[in-house]
Amino acid sequence: MCYDIKASYEAQLKRAKRRGDKRAIEEIIENLIPYTDLPIFHASGFKHPEMLIYPDASTDYPIVATWGMVPPWISDQDQIKSIWNKTLNARGETIFEKPSFKTAALHNRCLIYIDGFYEHHHFDNKVYPFFIQRQDEQPIALAGLWNEWENPANGGKMTTFSIVTTKGNSLMSKIHNNPKLKGPRMPLILSQKLEDEWLKPIVNNDDKLKIKEITEASPSVELKAHTVNKLRGKDYLGNTECISKAVNYKELIF
DNA sequence: CCAGACGTTGTT
DNA sequence: GTCTGG
DNA sequence: CCAGACGTTGTT
DNA sequence: GTCTGG
């Protein structure tokens with residue numbers, strides 16, 4: 001599962017920067033960043049933040065997109081409201097089957113670069129938020145699906161995305177403290193090699209199988225986690241830098 | 001055939 | 001748009 | 001996902 | 001307990 005993320009400028013621009021094209025970076029900062037909610041120290045998917053994603057059609061130059069997939073057959077604002085809280089994540093195992101995701105799974109895959117994500121741990125009837133990041137604290141590349149929706153009423157365009165999830169690893173199991181095999185979920189984290197595989201167009205069945213393989217392999221990236229301040233309700237601090245900082249809960253036994 | 005959905009998460 | 005359930 | 005409401009009347 | 005809103 002993945003409903004809460006941190007996405008700094010540095011993380012979001014990581015892929016654009018790898019070519020060392022300074023002019024391109026300036027352009028992105030000038031023309032795209034103003035339309036995003038960056039920097040995001042914490043955002044809930046349920047607030048549908050605007051971020052940068054790297055689509056297959058333009059692998060090194062990002063576009064602005066809203067978190068919460070709006071499938072092409074949606075016809076008005078009311079339908080958007082009823083669907084986009086349910087399409088923040090897409091189960092990797094079924095992206096080629098679900099009506100909301102199947103077209104995007106074939107033709108509209110993307111990468112989302114974040115610093116880390118947040119998960120809620122339950123202990124003694126209370127909820128403790130954790131921030132999860134790479135052990136080396138480098139940005140994380142997530143597998144995503146995107147779509148451009150056109151409003152039939154006025155031709156207005158809206159680009160949206162969903163984060164692909166997969167089976168959770170042992171750290172996730174511990175945070176979710178779930179003994180069941182059915183197990184916790186986590187976002188699909190891609191190694192550098194798989195990032196490019198994920199964006200490669202599908203032209204035959206082998207390509208499709210390759211993508212399926214990626215969604216089924218458990219992420220090999222080493223992660224670490226610490227408790228942070230509340231992410232929901234009255235005690236929520238909002239989108240402030242300190243929200244991903246470690247906070248000690250004395251009563252919590254983890 | 002038409003109507004209605006179309007999605008994800010987890011059980012301290 | 002396309003699939004599922006009745 | 002978590003937090004917060006969960007109801008009625010009539011009008012600041 | 002269960003549903004809605006963010």
Side-chain angles (χ1 to χ4, degrees), chain A residues 1-6 37 40 42-50 66-108 112 114 116-132 142-152 160-188 215 225 227-239 243 249 251-254:
Chain A
M1 152 270 271
C2 181
Y3 292 141
D4 297 88
I5 49 112
K6 175 179 178 181
D37 292 308
I40 294 170
H42 164 262
S44 156
F46 297 98
K47 296 243 181 96
H48 306 287
E50 305 279 352
T66 308
W67 188 3
M69 184 93 145
V70 177
W73 39 265
I74 292 290
S75 60
D76 59 44
Q77 206 63 40
D78 282 350
Q79 289 186 352
I80 289 179
K81 282 191 182 140
S82 67
I83 198 152
W84 71 348
N85 278 357
K86 302 167 183 168
T87 51
L88 297 169
N89 292 167
R91 282 183 76 90
E93 296 89 330
T94 55
I95 52 172
F96 288 105
E97 290 142 40
K98 297 288 177 182
S100 292
F101 299 125
K102 57 191 301 184
T103 312
L106 281 172
H107 308 298
N108 291 8
I112 304 114
I114 61 170
F117 54 99
Y118 301 86
E119 298 283 359
H120 290 94
H121 176 71
H122 292 252
F123 175 76
D124 195 24
N125 271 318
K126 289 193 210 75
V127 170
Y128 297 90
F130 277 72
F131 179 62
I132 297 116
L142 299 183
L145 303 175
W146 67 283
N147 181 61
E148 189 175 77
W149 179 74
E150 186 175 332
N151 188 338
T160 62
F161 71 94
S162 182
I163 293 174
V164 174
T165 64
T166 188
K167 203 159 77 68
N169 63 17
S170 59
L171 178 65
M172 286 309 123
S173 306
K174 202 181 167 198
I175 291 173
H176 286 301
N177 50 332
N178 175 5
K180 289 277 160 49
L181 273 177
K182 191 121 193 171
R185 309 287 300 173
M186 66 183 285
L188 180 52
T215 64
T227 45
V228 297
N229 272 299
K230 301 279 284 178
L231 305 176
R232 301 275 191 276
K234 292 192 291 268
D235 297 332
Y236 176 47
L237 298 175
N239 186 31
I243 199 158
Y249 293 95
E251 71 280 15
L252 172 65
I253 301 160
F254 179 69

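Computed from a predicted structure; not experimentally measured. Chain A is the first sequence line, chain B the second, and so forth, proteins listed ahead of strands; every chain is numbered from 1.
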Novice: Reckon Lys98(A) touches a base, only the sugar-phosphate, or nothing at all at heavy-atom distances under 4.0 Å?
Specialist: sugar-phosphate

Novice: Pair Glu119(A), Lys174(A) - check salt bridge (Lys or Arg N to Asp or Glu O under 4.0 Å), show working.
Specialist: CA-CA 11 Å; Glu119(A) 298 283 359; Lys174(A) 202 181 167 198; over 6 Å; no

Novice: Using a distance-only test with no angle check, is there a side-chain donor-acceptor pair under 3.5 angstrom linking His120(A) and Asp4(A)?
Specialist: no

Novice: With a 4.0 Å cut-off on heavy atoms, is Asp4(A) in touch with a base, just the backbone sugar-phosphate, or nothing at all?
Specialist: nothing

Novice: Rounding to a whole Å, what distance do you find between Trp149(A):CH2 and dG1(C):P?
Specialist: 14 Å

Novice: Could you give the distance separating dC3(E) and dA5(B) at their P atoms, to the nearest angstrom?
Specialist: 16 Å

Novice: His121(A) has an atom NE2; how far is it from atom P of dG10(B), in whole Å?
Specialist: 14 Å

Novice: Check the distance between dA3(D)'s P and Leu237(A)'s CG and give it to me in whole angstrom.
Specialist: 14 Å

Novice: Give the nucleotide from the list dT12(B), dG10(B), dT8(B) with an atom nearest to the side chain of Tyr3(A).
Specialist: dT8(B)

Novice: Give a yes/no on whether any side-chain N or O of Lys102(A) is located under 4.0 angstrom from OP1 or OP2 of dG1(C).
Specialist: no

Novice: Just wondering, do Trp73(A) and dC6(B) stack (centres under 5.5 Å, planes under 30°)?
Specialist: yes

Novice: For Asp78(A) and dA5(B), what is the distance between atoms CG and C1' respectively, to the nearest whole Å?
Specialist: 16 Å

Novice: Please report the interatomic distance OG1(Thr160(A)) to CE(Met69(A)), rounded to the nearest 0.5 Å.
Specialist: 5.5 Å

Novice: Determine yes or no for a side-chain-to-main-chain donor-acceptor pair under 3.5 angstrom, with Asn229(A) supplying the side chain and Ile243(A) the backbone.
Specialist: no

Novice: Could you state the CZ-C1' distance from Arg91(A) to dG10(B), rounded to the nearest angstrom?
Specialist: 11 Å

Novice: Considering every strand and a 4.0 Å limit on heavy-atom distances, what is the contact class for Thr103(A): base, sugar-phosphate, or nothing?
Specialist: nothing

Novice: Which of these nucleotides, dT8(B), dG1(C), dC2(D), is closest to any side-chain atom of Pro99(A)?
Specialist: dG1(C)

Novice: Can you tell me which nucleotide in dG10(B), dT12(B), dG7(B) comes closest to the side chain of Asn125(A)?
Specialist: dT12(B)

Novice: CG of Asp235(A) versus C1' of dG4(D): gap in Å, rounded?
Specialist: 13 Å

Novice: Rounded to the nearest 0.5 Å, what separation is found between the OG atom of Ser100(A) and the CD1 atom of Ile83(A)?
Specialist: 4.0 Å

Novice: What is the separation between atom CD on Gln79(A) and atom C1' on dG7(B), rounded to the nearest whole Å?
Specialist: 15 Å

Novice: Using a heavy-atom cut-off of under 4.0 Å over every strand shown, decide if Asp124(A) touches base, sugar-phosphate, or nothing.
Specialist: base

Novice: Tell me yes or no: between the side chains of His122(A) and Tyr128(A), is some donor less than 3.5 Å from an acceptor?
Specialist: no

Novice: Let's see if you can work this out: which of dC2(D), dT8(B), dG10(B) has an atom nearest to the side-chain heavy atoms of Arg232(A)?
Specialist: dC2(D)

Novice: Under the side-chain contact (heavy atoms from CB on, under 4.5 Å) criterion, do Asn89(A) and Val164(A) qualify, and how do the steps go?
Specialist: CA-CA 6 Å; Asn89(A) 292 167; Val164(A) 174; over 6 Å; no

Novice: When both hydrogen-bonding distances must be under 3.5 Å and the geometry is Watson-Crick or G-U wobble, what is dG5(C) paired with, if anything?
Specialist: dC2(B)

Novice: Please determine whether a side-chain nitrogen or oxygen atom of His122(A) lies at a distance below 4.0 Å from atom OP1 or OP2 of dC2(D).
Specialist: yes

Novice: Say you pick atom P in dT2(E) and the same atom in dT8(B); how far apart are they, in whole Å?
Specialist: 23 Å

Novice: May I ask you to evaluate whether Lys81(A) reaches the phosphate of dG6(E), defined as a side-chain N or O under 4.0 Å from OP1 or OP2?
Specialist: no

Novice: For dC2(D) versus dT12(B), give the span between their C1' atoms, rounded off to a whole number of Å.
Specialist: 15 Å

Novice: Within the modelled atom types, does a donor on one side and an acceptor on the other bring the side chain of Asn89(A) and the base of dG7(B) under 3.5 Å apart?
Specialist: no

Novice: Would you indicate, yes or no, if dG7(B) has its OP1 or OP2 atom less than 4.0 angstrom from a side-chain nitrogen or oxygen of Ser100(A)?
Specialist: yes

Novice: Roughly how many Å is it from CZ in Phe123(A) to C1' in dC2(D), rounded to a whole number?
Specialist: 19 Å

Novice: Among dG10(B), dT8(B), dC6(B), which is the nearest nucleotide to the side chain of Arg185(A)?
Specialist: dG10(B)

